[in-house]
Engineer: 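Please see the structure below; I have some questions.
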Amino acid sequence: MGKVFVFEHPLIQHKLTYIRDKSTGTKEFRELVDEISTLMAFEITRDLPLQEIEVETPVQLAKTNVLAGKKMAIVPILRAGIGMVDGILKLIPAAKVGHIGLYRDPETLQPVEYYFKMPSDVQERELIVVDPMLATGGSAIEAVNSLKKRGAVKIRFMCIIAAPEGVEALQKAHPDVDIYIAALDEKLNEKGYIVPGLGDAGDRLFGTK
Ligand SMILES: O=P(O)(O)OC[C@H]1O[C@H](OP(=O)(O)OP(=O)(O)O)[C@H](O)[C@@H]1O
Ligand SMILES: O=c1cc[nH]c(=O)[nH]1
Ligand SMILES: [Mg+2]
């Protein structure tokens with residue numbers, strides 16, 4: 001079963017409060033999503049492998065660590081996932097970026113894929129699929145299905161707010177995928193929105209409502 005990590009860092013929790021607030025406008029919402037994504041990237045990279053090298057300090061030779069150069073890619077689910085990419089790239093600047101276009105049909109809540117473009121070596125990369133919202137889990141499950149179809153094997157999923165229903169569904173469909181969350185909310189409402197949530201992440205990021 002995939003592990004679930006909830007990032008309870010005070011800075012993340014503080015910023016989350018302001019993206020939930022309906023009076024927060026597009027500019028500030030976008031900036032906060034960017035900042036939260038950077039903070040989450042700091043937490044998610046805790047297990048990156050290191051290798052020991054030697055450098056000469058002004059005093060003497062020191063054995064010290066550098067990143068071992070893991071191949072990574074960030075995979076935003078369009079549209080809303082785009083809002084998380086730059087914040088993550090600030091900490092992992094060499095990561096490649098693949099895009100999956102998916103929208104959730106408002107009636108059926110089923111995901112509809114309209115775009116897919118990955119780095120050519122996707123099979124070798126460690127992938128972090130990102131989307132601010134994990135609601136029913138349909139979009140995340142479909143995104144991971146599409147990646148696995150192209151041979152991806154190392155996949156993690158990172159979102160800002162998740163509903164318990166979505167976490168359970170994603171764990172069941174893809175038990176090999178660990179899930180990283182800033183806030184695990186109460187439930188879904190009858191329209192499939194996360195409660196209390198923050199509303200429609202894509203609309204709030206891009207000002208389309
Ligand atoms: O877990 P689910 O029930 O599938 O819902 C979550 C999905 O819904 C939202 O996207 P939306 O369909 O609104 O598309 P958008 O990003 O273009 O606004 C959100 O960004 C997720 O991708
Ligand atoms: O609460 C929700 C659920 C799905 N998608 C969103 O953007 N928000
Ligand atoms: Mg949306």
Engineer: Could you walk me through whether Phe7 and Leu39 satisfy the side-chain contact (heavy atoms from CB on, under 4.5 Å) test, starting with their C-alpha distance in whole Å, then the side-chain angles of each, then the deciding distance to 0.1 Å, before giving a yes or no?
Structural biologist: CA-CA 9 Å; Phe7 296 144; Leu39 293 167; over 6 Å; no
Engineer: Quick one, Phe5 with Ile44, criterion side-chain contact (heavy atoms from CB on, under 4.5 Å). Give me CA distance, side-chain angles, the key distance, then yes/no.
Structural biologist: CA-CA 9 Å; Phe5 301 88; Ile44 205 174; over 6 Å; no
Engineer: Strictly distance-based, threshold 3.5 Å: is any side-chain N or O of Gln171 a donor or acceptor partner for the main-chain N or O of Gly2?
Structural biologist: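 Such a contact is found between Gln171 side chain and Gly2 backbone.
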Engineer: Are any of the side-chain heavy atoms of Pro76 and Met84 separated by less than 4.5 Å?
Structural biologist: no
Engineer: Can Lys209 and Asp200 be counted as an ion pair, charged N to O under 4.0 angstrom?
Structural biologist: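 Salt bridge between Lys209 and Asp200, a charged N being under 4.0 Å from a carboxylate O: no.
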Engineer: Give a yes or no on whether a salt bridge exists between Asp34 and Lys15, defined as a side-chain N under 4.0 angstrom from a carboxylate O.
Structural biologist: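 The answer is no: the pair does not qualify as a salt bridge.
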Engineer: Under a 4.5 Å cut-off applied to non-hydrogen side-chain atoms, are Leu205 and Ile82 in contact?
Structural biologist: no
Engineer: Flag the pair Ile155 / Lys148 as yes when at least one side-chain heavy-atom distance between them is below 4.5 Å, and no otherwise.
Structural biologist: yes
Engineer: How many angstroms lie between atom CG of Leu67 and atom OG1 of Thr45, to the nearest 0.5 angstrom?
Structural biologist: 8.5 Å
Engineer: Should we count CD of Glu168 as having more than 12 external heavy atoms under 6.0 Å?
Structural biologist: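 For Glu168, atom CD is not crowded (no more than 12 foreign heavy atoms under 6.0 Å).
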Engineer: State, to 0.1 Å, how close Thr208 and Gly202 come at their nearest heavy-atom pair, and which atoms those are.
Structural biologist: OG1-O, 4.1 Å
Engineer: When hydrophobic residues are tied together by side-chain contacts of less than 4.5 Å, even through go-betweens, does Met158 share a cluster with Val85?
Structural biologist: yes
Engineer: Do Thr26 and Phe206 touch side chain to side chain, with heavy atoms closer than 4.5 Å?
Structural biologist: no
Engineer: Carefully, step by step, assess Ile100 and Met118 under the rule side-chain contact (heavy atoms from CB on, under 4.5 Å).
Structural biologist: CA-CA 8 Å; Ile100 302 182; Met118 287 302 130; 3.5 Å; yes
Engineer: Compare every heavy atom of Leu147 with every heavy atom of Val122, then report the nearest pair and how far apart it is.
Structural biologist: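 Smallest interatomic distance, heavy atoms only, reads CG2-CD2, 4.4 Å.
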Engineer: So which atom in Ile181 and which in Ala162 form the shortest heavy-atom distance, rounded to 0.1 Å?
Structural biologist: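 So the two residues come closest at CD1-CB, 3.8 Å.
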Engineer: To the nearest 0.5 Å, how far apart are CD in Gln123 and NZ in Lys154?
Structural biologist: 10.5 Å
Engineer: When you group the ILVMFWY residues by side-chain heavy-atom contacts below 4.5 Å and let the links chain together, are Leu170 and Val75 in the same group?
Structural biologist: yes
Engineer: Between Phe29 and Leu198, is any pair of side-chain heavy atoms under 4.5 Å apart?
Structural biologist: yes
Engineer: Apart from Val66 itself, what residues make up its hydrophobic cluster, given side-chain heavy atom links below 4.5 Å?
Structural biologist: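 Members besides Val66, by chain and number: Ile53, Val55.
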Engineer: Taking all atoms of both residues into account, what is the closest heavy-atom pair of Ala68 and Gln51, and its distance?
Structural biologist: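 That would be CA-OE1, 3.5 Å.
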Engineer: How many angstroms lie between CG in Asp86 and OG in Ser37, if you round to the nearest 0.5 Å?
Structural biologist: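 Reported value, rounded in 0.5 Å steps: 9.5 Å.
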Engineer: In the single-linkage hydrophobic clustering (I, L, V, M, F, W, Y; side-chain heavy atoms under 4.5 Å), do Leu134 and Tyr103 co-cluster?
Structural biologist: no
Engineer: How far does OG of Ser139 sit from CG of Leu78, to the nearest 0.5 angstrom?
Structural biologist: 11.0 Å
Engineer: Is a side-chain donor-acceptor pair under 3.5 Å present for Arg104 with Thr136?
Structural biologist: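 No, no side-chain donor-acceptor contact under 3.5 Å.
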Engineer: Tell me, do Ile194 and Leu188 make a side-chain contact under 4.5 Å, heavy atoms counted?
Structural biologist: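 Result yes, sub-4.5 Å side-chain heavy-atom pair found.
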Engineer: Does Arg150 make a cation-pi contact with Phe116 (under 6.0 Å, within 45 degrees of the axis)?
Structural biologist: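 So Arg150 does make the cation-pi contact.
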Engineer: Hey, is the main chain of Ala182 close enough, under 3.5 Å, to the side chain of Gln13 for a donor-acceptor pair?
Structural biologist: yes
Engineer: Do Val129 and Tyr115 belong to the same hydrophobic cluster, where Ile, Leu, Val, Met, Phe, Trp and Tyr are linked whenever their side-chain heavy atoms lie under 4.5 Å apart, directly or via other members?
Structural biologist: no
Engineer: Holding to side-chain contact (heavy atoms from CB on, under 4.5 Å), I want the full list of residues that pass it with Ala73, two or more places apart in sequence or in another chain.
Structural biologist: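 Listed in chain order: Lys96, Pro119, Arg125, Leu127.
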Engineer: Are side-chain heavy atoms of Glu113 and Asn145 found at a separation under 4.5 Å?
Structural biologist: no
Engineer: So, does Asp105 use its side chain to make a donor-acceptor pair with the main chain of Gln110 at under 3.5 Å?
Structural biologist: no
Engineer: For Lys90, does the NZ atom sit with more than 12 other heavy atoms under 6.0 Å from it, leaving out its own atoms?
Structural biologist: yes
Engineer: Does a side-chain heavy-atom distance below 4.5 Å link Phe42 with Ile12?
Structural biologist: no
Engineer: Specify the closest pair of heavy atoms between Arg204 and Arg20, including all atoms of both residues, with the distance to one decimal.
Structural biologist: NH1-O, 3.7 Å
Engineer: To the closest 0.5 Å, what do you measure between CD1 (Ile36) and CG (Leu16)?
Structural biologist: 4.5 Å
Engineer: Are Met133 and Ile19 connected into the same hydrophobic cluster when the rule is that any two of I, L, V, M, F, W, Y join if their side-chain heavy atoms are below 4.5 Å apart?
Structural biologist: yes
Engineer: Going from OG1 on Thr38 to CG on Leu89, what distance comes out if it is rounded to the nearest 0.5 angstrom?
Structural biologist: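 Taking OG1 in Thr38 and CG in Leu89, the distance rounds to 9.5 Å.
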Engineer: Run the side-chain contact (heavy atoms from CB on, under 4.5 Å) check on Val130 and Met40 step by step: do they pass?
Structural biologist: CA-CA 11 Å; Val130 299; Met40 293 187 81; over 6 Å; no
Engineer: Could you tell me whether the side chain of Asp121 and the main chain of Glu124 form a donor-acceptor pair under 3.5 Å?
Structural biologist: no
Engineer: Identify whether the distance between the nearest side-chain nitrogen and carboxylate oxygen of Lys27 and Glu31 falls below 4.0 Å.
Structural biologist: yes
Engineer: Can you name the closest pair of heavy atoms from Gly192 and Ala135 and give their distance?
Structural biologist: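 In this case the closest contact between Gly192 and Ala135 is O-CB, 3.7 Å.
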